Amino acid sequence: MIPYNPWPGVLLRWGLLTAGLGVLGYLVNQLFLVLFLGTLIYLGWHLSNVARLEFWLRTDRRFEPPHGRGLWEDIFNHIYRLQKHHRQRRRRLIEMLQAFRESIDAMPDAAVVLRDDGEMQWWNSAAEHLLGLKWPKDAGLRLENLFRNPEFSEFIQRTYDKPEPIRLPSPVNESIVLDIRLVPYGRNQRLLLGRDVTRLQRLESMRRDFVANVSHELRTPLTVIQGVSETLVEADLEAADRHGLELIQQQAQRMGRLVEDLLQLSRLETSSRPADVAPVDVPAMLHSLRREAETLSGDREHFLQLDVRTQCQVLADEGELRSAFSNLVFNAVNYTPPGGAITLKWWCDKDGAHFSVTDTGIGIPAKHIPRLTERFYRVDRGRSTKTGGTGLGLAIVKHILQRYDARLAIESKPGVGSTFSCHFPIPMCYQDAAASRAG
Ligand code: ADP
């Protein structure tokens, strides 16, 4: 609809009035005086309307607008319509905000809105119950002052880069385990979410204990089977019996490796960080790993190269680090055809220290790469049965690296080869001054 335009009418009335005043002034022979008085009266009328408008805006704008005539009636109506529209929009926004708050309030997870300076602005009822916050007493306080836990203080200070979630006991009830995450949004604001994972944690620990116990219980019968089959293989047996025994021996060895890997995984899962962390001489470890890889390669004659560009050390448990690196190196040997090249590289840069194993092996199709570190995930069952793999190697590597805030990256092309790299952040690197001078 085309809005009504008052201006033609206004101009017409103004023209008629001026013409009337002109005629009147001419008749009484006082043209300028009549026009002057007419203009004064016209201005006075406008001024009185402006005064009514100002009074209406200053006092209560919810009342009906003042009655005006002509152009002023249109102006009053326009302003009134605009105000009505704004009032409706504000009401709708308030209703939406209310509904939004009610839905967040109904959430079973704790949600706390943190301002850019880290102070708490708002939270839901679950936050009161799980984190012990009290409204309005705690508004404007910092969460780390209430949640007195060094791990939490360190977590909340990791500003705006979406840190990994942490698990902590609730400050109000130690038996409740919370999974706490920070979600950045808006302008440097953050939302803290706390989920009660007590049941999940209990189930996970039951599963871990079960796997650890079963693996442990299997160890003794397996050792007996291995021992007896070894003794019998050496005895004077018919070829068919010998073949059967050799099969038993092979499978028992495979099961033994599986049990050891399962036990290692459950050990890694039960303790968060190893106790005996010390600078590990990675270059020396890589030299020894290369020798072991040469032995494993045997008559497959892989071309094994070592490229050590730094003497930088890593703060870690030596046994764990060796286990992670050896898994990658031995995989390279196992999945590279005879005569292929394998390069172990150790270097450091502004991001930290890095270890990589590059091979010219069979490679891995891209769709499998994101799932390789899952337990028992195999690209092709035939491949790893041939190599005697357990399907747990890369899961162990991932778990070990996580304990040092390090990351595993995998690049691969089928038929061309693969590169498995471990990236250690700066705080995990240790530069021995004497060693670096010598290097
Ligand atoms: P496995 O004990 O079976 O080797 P891993 O967890 O070590 O188990 O590896 C998972 C799968 O990833 C393997 O089954 C294999 O298919 C693939 N894989 C690992 N390393 C390589 C590699 N260097 N080249 C090609 N495939 C690899």
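Given the structure is predicted, the values throughout are model-derived calculations rather than measurements. Ligands are counted one by one from 1 in listed order, and the atoms in each one are counted from 1 as well.
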message = For a salt bridge (charged side-chain N to carboxylate O under 4.0 Å, His left out) check, start with the C-alpha distance between Arg403 and Glu320, then their side-chain angles and the critical distance, and finish with the verdict.
response = CA-CA 10 Å; Arg403 286 152 80 85; Glu320 285 186 5; 3.0 Å; yes
inquiry  = Working note: Ser421 + Arg407, criterion side-chain hydrogen bond (donor to acceptor under 3.5 Å, both in side chains); need CA distance, chi angles, decisive distance, verdict.
reply    = CA-CA 8 Å; Ser421 333; Arg407 183 171 61 81; over 6 Å; no
Proximal atoms of ligand 1 relative to [X] (non-hydrogen, under 4.0 Å):
X: Ser418; value: 24 (N)
X: Asp359; value: 22 (C), 23 (N)
X: Gly393; value: 5 (P), 6 (O), 7 (O)
X: Arg378; value: 3 (O), 14 (O)
X: Tyr377; value: 10 (C), 11 (C)
X: Gly391; value: 1 (P), 2 (O), 3 (O), 6 (O), 8 (O)
X: Val379; value: 16 (O), 17 (C)

task = For Ile364 and ligand 1, answer yes if some heavy atom of the residue is under 4.0 Å from a ligand atom, otherwise no.
result =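 Yes, Ile364 has a heavy atom closer than 4.0 Å to ligand 1.
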request  = Please work out which of the three classes, parallel, tilted or perpendicular, describes the rings of His368 and Tyr377, given edges at 30° and 60°.
outcome  =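 Ring orientation of Tyr377 relative to His368: tilted.
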Does any N or O in the side chain of [X] come within less than 3.5 Å of the main-chain N or O of [Y], such that one atom is a donor and the other an acceptor?
X: Gln121; Y: Val113; answer: no
X: Thr360; Y: Ala341; answer: yes
X: His78; Y: Glu73; answer: no

request  = Kindly confirm or rule out an N or O of Leu394 lying under 3.5 angstrom from an N or O of ligand 1.
outcome  =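 Yes: some nitrogen or oxygen of Leu394 is under 3.5 Å from one in ligand 1.
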ask   = Centres of the Phe325 and Phe355 rings: under 6.0 Å?
value =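 Aromatic pair counts; centres sit under 6.0 Å.
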